[in-house]
Amino acid sequence: MSRIRISRPVLVAAALTASLTACTAQAADGGPSAPGAGDGTPAAPARVTVAAQKAGSPVIVTATGGTLTEVTVAAADGAALTGRTGSAGTSWTSDRRAAPGTTYTVKVTSRASDGREATRTSSFSTPAPGKVNKLTLAPGKNTTVGVAHPLSVVFDLPVTRKADVERQLKVTTSNGTEGSWGWIKDHSGRDRADWRPREYWKPGTKVTLEADLNGTDSGGGWFVRDYRTGFTVGTAQIVKVDLDRKQLTLTREGRAVRTIPVSGGTPGGDKRSWRGTAVLMAKEGTINMNSETVGLGDAYDKMVDYSMRLTWSGMYAHAAPWNADYFGRANHSSGCIGMSDADAASFYGQVNVGDPFEITGAETKGVVAEGNGYGAWNLDWDQWKKKSALA
């Protein structure tokens, strides 16, 4: 068995051709065997071509004058590119794209017209990526979240080839939940793709994401790895905040379990609260809140207990004992939803990340935007589906 090697790494699309030797088999009746073998000479050897494609393209192997019986393409770390052989058996194409900055070993076994097989091994390399794109996934892996938490993907670098990226994002649910990707701008200014169901998740739904992005060009940079995550949907809880009545009601599985007097954002200016559906993003406990970080220069700088983040722009539900005179009576905060220490402590223990806060009120400053936390629920289903790059 001989070997054919490439003398140097292939940095762009190239072709490697190998002639595979074979012997002639005698026909069963003693006469000539395969064409060209009547004089006892070997049948024409199969000719194999490996198209060592550039990063972002599939690897293609073809055979002329014979068929392919086995093809393996593996990177140095052992990761293999699986593929499919064409119906005629003369071509093989990898399912995945070649990744940048990777050396692949290609092992091909082919069968000539007389039935003899030969195996040859070659290798090729793709150039290292100029820029590497990465992503951040939410919710975290193996977590349990409320019924409104979307599957959210934030990209480090711009994504100008959104359709190519979205095709590689596969969402699977345990109960066939209908949903759609939507592309938005995160509050940080970065590109973000959220997958939300048509309606709130059903409790108990298991959700998985397979992001087979290795070898995909986002337009702003290459992905050099795949990503996996999964989460479970917990109890059906909805928090209804009525700023006109200055009260908050927690419902569980459709039944009101408690009502709390609150004070929302002060009417008439930048201290008003947002309305619409916000989603509990994180339970942050005791944190420092400084009004200068949210564009309010003269309001506050204090430690705040039982802080529950609702938007990136700084709207929280939290304990606000300094506002005790206004709970249930007037909206007098700097935009957050405040309550007593005792109510906040109890409520903090009952709600879960991913629970929706459905906020209503006449004196608000607008609807929570899609990228300001998880505001996708403020679009109807048809509006949301149009945000898919594949719509």
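We use all heavy atoms of the structure for the numbers below, so side chains are in, but hydrogens, waters and symmetry mates are not.
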Pairs meeting criterion ring pair (Phe, Tyr, Trp, His ring centres under 6.0 Å) with involvement of residues 232-269, two or more places apart: none
Spacing of L137 atom CG and S152 atom OG [to the nearest 0.5 Å]: 8.5 Å
Residues, nucleotides or ligands: over 12 heavy atoms within 6.0 Å of Q350 CD: yes
Donor-acceptor contact below 3.5 Å, side chain Q168 vs main chain V165: no
Between CZ on residue F327 and CG on residue L248, distance to nearest 0.5 Å: 12.0 Å
Partner residues of D212 under the side-chain hydrogen bond (donor to acceptor under 3.5 Å, both in side chains) criterion, sequence neighbours left out: R228
Salt bridge present between D270 and K365 (N-O < 4.0 angstrom): no
Nearest-0.5 Å distance that lies between atom CZ in R116 and atom OG in S110: 13.0 Å
Side-chain atoms of residues 72-88: list all donor-acceptor pairs with protein atoms under 3.5 Å, sequence neighbours left out, distances to 0.1 Å.
| from | atom 1 | to | atom 2 | distance (Å) |
| --- | --- | --- | --- | --- |
| D77 | OD1 | A79 | N | 3.0 |
| T82 | OG1 | D95 | OD2 | 2.9 |
| R84 | NE | D95 | OD1 | 3.4 |

Nearest-0.5 Å distance, CE of residue M303 to CG of residue N288: 5.5 Å
Any donor-acceptor N/O pair, R97 side chain to S57 backbone, under 3.5 Å: no
Chi angles and distances behind the side-chain contact (heavy atoms from CB on, under 4.5 Å) call for T208, V171: CA-CA 6 Å; T208 60; V171 178; over 6 Å; no
ILVMFWY cluster membership beyond L390 - transitive side-chain contacts under 4.5 angstrom: none
Flag side-chain contact, heavy atom, 4.5 Å: V147 against D355: no
Single-linkage hydrophobic cluster, 4.5 Å side-chain cutoff, L169 and V207 together: yes
Single-linkage hydrophobic cluster, 4.5 Å side-chain cutoff, W201 and F357 together: no
Trace of the side-chain contact (heavy atoms from CB on, under 4.5 Å) decision for V233 with T144: CA-CA 6 Å; V233 180; T144 298; over 6 Å; no
Salt bridge D242-K240, side-chain N to carboxylate O under 4.0 Å: no
Which atom pairs, donor and acceptor, lie under 3.5 Å between side-chain atoms of residues 315-322 and protein residues at least two apart or in another chain?
| from | atom 1 | to | atom 2 | distance (Å) |
| --- | --- | --- | --- | --- |
| Y316 | OH | E284 | OE1 | 2.9 |
| Y316 | OH | R309 | NE | 3.3 |
| Y316 | OH | R309 | NH2 | 2.7 |

Any W381 side-chain heavy atom under 4.5 Å of E199 side chain: no
Step-by-step side-chain contact (heavy atoms from CB on, under 4.5 Å) determination, I184 to D194: CA-CA 8 Å; I184 59 180; D194 284 4; 3.9 Å; yes
Pairwise side-chain contact, H187 with S313, heavy-atom cut-off 4.5 Å (strictly under): yes
N-O pairing of D217 and K131 below 4.0 Å: no
Pairwise side-chain contact, Q237 with P356, heavy-atom cut-off 4.5 Å (strictly under): no
Residue list, side-chain hydrogen bond (donor to acceptor under 3.5 Å, both in side chains) with S340, at least two apart or on another chain: D343
Pair listing, ring pair (Phe, Tyr, Trp, His ring centres under 6.0 Å) test, anchored in residues 235-271, at least two apart: none
R47/T64 under side-chain hydrogen bond (donor to acceptor under 3.5 Å, both in side chains): CA gap, chis, key distance, verdict: CA-CA 5 Å; R47 178 180 161 193; T64 303; 5.6 Å; no
Single-linkage hydrophobic cluster F231~V154, side-chain heavy atoms < 4.5 angstrom: no
Short N-O contact, E370 and K387, less than 4.0 angstrom: yes
NZ on K386 to CG on D380, rounded to 0.5 Å: 8.5 Å
Heavy-atom check, side chain of S334 versus side chain of K271, under 4.5 Å: yes
Pairs satisfying ring pair (Phe, Tyr, Trp, His ring centres under 6.0 Å), at least one member in residues 256-281, at least two apart: none
Summary of ring pair (Phe, Tyr, Trp, His ring centres under 6.0 Å) pairs that have at least one residue in residues 85-120, sequence neighbours excluded: Y104-F124
Donor on one side chain, acceptor on other, R190 and S188, under 3.5 Å: yes
Any residue meeting ring pair (Phe, Tyr, Trp, His ring centres under 6.0 Å) with Y348, in chain and number order, not counting sequence neighbours: Y306
Test item: V61 and L68 side chains (from C-beta on) under 4.5 Å apart, heavy atoms: yes
From CD (E363) to CG (N331), nearest 0.5 Å: 9.0 Å
Ring geometry between W183 and F155 (parallel below 30°, tilted from 30 to 60°, perpendicular above 60°): parallel
Minimum side-chain heavy-atom gap W377-V368 below 4.5 Å: no
Test side-chain hydrogen bond (donor to acceptor under 3.5 Å, both in side chains) applied to N175 - qualifying residues, sequence neighbours left out: T177, T205
For H332, all residues meeting ring pair (Phe, Tyr, Trp, His ring centres under 6.0 Å), sequence neighbours excluded: Y326
Contact check, side chains of T119 and V108, non-hydrogen atoms, under 4.5 Å: no
Whether over 12 other heavy atoms sit under 6.0 Å from R258 CZ: yes
